[in-house]
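Worksheet: the structure to be examined is printed underneath.
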Amino acid sequence: MSSINVSLPDGSRLSFDPGVDLTTVALAIGPGLAKAALAAEVDGQLVDLSHRLEADAGVRFLTWRDDEGQKVYRHSTAHVLAQAVQRVFPQAKVTIGPSLADGRFYYDFDVEQPFTPDDLARIEDEMRRVIAEDQAFSRSEVSRDEARRVFDELGEPYKIELLDAIAEDDTVSLYGNANGDSHWVDLCRGPHLPSTGRIGVVKLLTASGAYWRGDSNNKMLQRIYGISFPDKKQLAEWLRLREEAEKRDHRRLGRELDLVWFSDVAPACPFFFPKGALIYNKLTDLVRSLYRRFGYDEVITPQIMSVDLWKTSGHYDNYRENMYFVEVDGQEFAVKPMNCPAHAIMFASRHHSYRDLPVRYADFGRLHRYEASGVTAGLTRVRSFAQDDAHIFCRTDQIEDEVFSFIDMLMECYELFGFTDVRIDLSTRPAKAVGDEAVWADAEARLHQALQRRGVEYKVAEGEGAFYGPKIDFMVSDALARRHQLGTCQLDFNLPERFDLTYVNSADERERPVMVHRAVLGSIERFMGVLIEHCAGAFPAWLAPVQVKVVPIGERHVDYARRLTADLKSRGYRAEIDDTGERTSAKIGRAEAERVPYMLICGDREVDAEAVSVRERGMRDRGSMPYVDFVEELSAKAAFPPL
RNA sequence: GCCAACGUAGCUCAGCUGGUAGAGCAGCGCACUCGUAAUGCGCAGGUCGUCGGUUCGAAUCCGACCGUUGGCUCCA
């Protein structure tokens, strides 16, 4: 009998008898690995440790250190959850239960009554029992008929529906976990842990409704979210990180830092207090300063326009349920949800030569969109907002340069906020699309060109473009590694058509321009929310609502502190004095809580020497320095615009 | 929109099985004049989200509405 070769990631090779299972292979490599292994990857395919090798193969064992290992771990925990639920609620029908990219897992059930917090506690206890029973996960590949019979007998209609959706040439696999007379089976691709006993600690987090297959026309199922770890300490750490994230929640910080307020009189519509408004305006001013350099012209357009306009643009037919309407003098008007139609008619109101293009209209107009009550959230999903919106009207041959320079501007802007990890997606022609295929292909090629010339990495999202044109989306990762979509750049072949936009070319013929919708920050409100959480409320000095807090130690230092405050203000900085009769440490504590970037402590030493004792936010005392030196430092770090 | 939970002072929360509300922080006042994350004492502050019902009596029980939060295809 000839042996087979197993090659490992480090390049080494081992030989075994054919039919050897992976647990044995792991043991041969070392008992440590055998203990840590959760599953394995054989020639790129994820498999159970019980998998047997019949031929030469490349094997990589997955442990907790691998993302795939954790995925298997959590997915197996989801199976334990489902088994526990069916023990406690025998009528519950099982559906699907994947592990999520953020480390959690869930399982959806069809049950008569939604789960209560009490139910979750009972289910969690039952899960611990299943884990204690150390049931082995065993895989069996069966025919579709066989599988259908199993789930028919078990009375699991959702599994049969899933079974029917599995591709013909795909193998159907069942996973049973059994221990003595306790047996539980699920339709699953796998792989799984060797046994339930490998799961350390579990915690169920929340229960909520979730539509079957995410479609609101389908029945609402009950979803349970959970998390699991090999070790208690890891769970504690996970919960701690989650609390940290809660502390920097922009809704909380927005309130604590006096930036934003919400009222029932306008649900999902932020009210910005002075400090919030200051940041808001600094953000738009920043974009304005970029516009000056990149050749954009700002326009101002009406808040409310006739429905005729929205009928022409197509929004009335396709976007009506998100719009607000008002009737005046028997005529119907709509509050604008977008700026583009206004810009289109402005463009159309003048004759344009090919020499005039591109025309770039920027607009910070306030937009109103009705969002379903269940989806609004803080500043990230609101009904009243503005965007750093602009529309470029250009010739086809100008697309590449326009997009290139837009990416330039965007990257420069993101870097300023410390958003250095930018993911870029190019979305191409979807199934239902306007404009002919050649035009799309040409436009997509120009987008590729622009991206490649700019030298950025990007992914292609096939068929994910808008119906009116291909687009490029920009996602950033924040300080907690969460992704947010901010910028976008979308070509539009639809509106120029609908508004019959033209320019005159060099041969004196009328031609259709391309319209480009683009935004760097996207919604200013949303961007503020993302930024607040990214910097945990500690805004860069050029953006901080209060840049300098002047802190006199005693009453006899107040005059001096006032003089400095006035001087800083006259130089254009946002400075405040804290002349409350508090103790110095209390004043510092408050200034730190407000996230003020610079604190200037003034006592006898400083008054005598025309100096200040500088404390930077989040750092210790830097000691005294001449006031003029501090002003110089400030001019370098807090100047606006910061570019 | 749908499922669930929640809504008590500006903020964070307490208030057991119904007997008309309490704390800390913030605010205001007084004292302390103080050297790098929060001095002490006092005062004031609430239609208990709104409306309706049950009850001798409702913050508490029931219903409706409003709002907020967590979810609503990262596939078997």
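Hydrogens, waters and symmetry mates play no part in the numbers below; they use all other heavy atoms, side chains included. In the text below, chain A, chain B and the rest are named by the order of the sequence lines, each starting its count at 1. Quantities reported herein were computed from a predicted structural model and do not represent experimental measurements.
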Query raised in the report: If you measure only the distance, is there a donor-acceptor pair under 3.5 Å linking the side chains of A/Q83 and A/E126?
Result: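 Checked: A/Q83/A/E126 side chains show no N/O donor-acceptor pair below 3.5 Å.
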Query raised in the report: Among side-chain atoms of A/D108 and A/Y158, is any donor-acceptor pair under 3.5 angstrom?
Result: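 No, because no side-chain N or O of A/D108 sits under 3.5 Å from a partner of the opposite role on A/Y158.
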Report task. Please test A/R482 against A/D102 for salt bridge (charged side-chain N to carboxylate O under 4.0 Å, His left out), starting from the C-alpha separation and ending with a verdict. Result -> CA-CA 9 Å; A/R482 297 169 302 189; A/D102 67 3; over 6 Å; no
Query raised in the report: Hey, are the side chains of A/R248 and A/H534 touching, using non-hydrogen atoms and a 4.5 Å cut-off?
Result: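 Result no, sub-4.5 Å side-chain heavy-atom pair not found.
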Query - Row check, A/Y106 ring normal vs A/R223 NZ/CZ: under 6.0 Å, within 45° - result: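 Cation-pi check for A/R223 and A/Y106: passes.
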Give [X] one of three labels, base, sugar-phosphate or nothing, depending on what nucleic acid heavy atoms sit under 4.0 Å from its own.
X: A/E256; answer: nothing
X: A/A593; answer: base
X: A/R223; answer: sugar-phosphate
X: A/K587; answer: nothing
X: A/V375; answer: base
X: A/G378; answer: sugar-phosphate
X: A/R605; answer: base
X: A/Y225; answer: sugar-phosphate
X: A/S373; answer: base

Requested in this report: For B/A38, take OP1 and OP2 only and decide whether either is under 4.0 Å from a side-chain N or O of A/R583.
Outcome: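 So the side chain of A/R583 is outside the cut-off, no N or O lying under 4.0 Å from OP1 or OP2 of B/A38.
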Query raised in the report: Taking only N and O in the side chain of A/R615, is any of them less than 4.0 Å away from OP1 or OP2 of B/A37?
Result: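 Yes.
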Query - 5′-ward residue of the pair A/R556/A/L100 relative to RNA chain B - result: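 The residue whose closest nucleotide sits nearer the 5' end is A/R556.
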Query raised in the report: Of A/P98 and A/T206, whose closest RNA chain B nucleotide lies nearer the 5' terminus?
Result: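 Taking each residue's closest nucleotide, the earlier one in sequence belongs to A/T206.
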Taking the side chain of [X] as its heavy atoms from C-beta onward, which of [options] lies nearest to it?
X: A/E606; options: B/A38, B/G1, B/G35; value: B/G35
X: A/K71; options: B/A37, B/G1, B/C75; value: B/C75
X: A/R251; options: B/C3, B/G70, B/A38; value: B/G70
X: A/S208; options: B/A37, B/C3, B/U12; value: B/C3
X: A/I96; options: B/U39, B/A76, B/G71; value: B/A76

**Report entry** Atom-pair distance (CD on A/E582; C1' on B/G27), nearest Å
**Finding:**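 A/E582 atom CD is separated from B/G27 atom C1' by 12 Å.
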Requested in this report: Nearest whole angstrom, please: distance from the C1' of B/A76 to the CD of A/E161.
Outcome: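 Interatomic distance, CD of A/E161 to C1' of B/A76: 11 Å.
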Query - Distance-only donor-acceptor test (3.5 Å): side chain A/R189, base B/A76 - result: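 Counting by modelled atom types and ignoring angles, a donor-acceptor contact under 3.5 Å is found here.
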Query raised in the report: Any N or O donor-acceptor pair linking the side chain of A/Y211 to the base of B/G1 at under 3.5 Å?
Result: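 Answer is yes: a donor-acceptor pair is held.
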Report task. Both distances under 3.5 Å, Watson-Crick or G-U wobble: report the partner of B/A37, or none. Result ->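 When the pairing criteria are applied, nothing turns out to pair with B/A37, so the answer is none.
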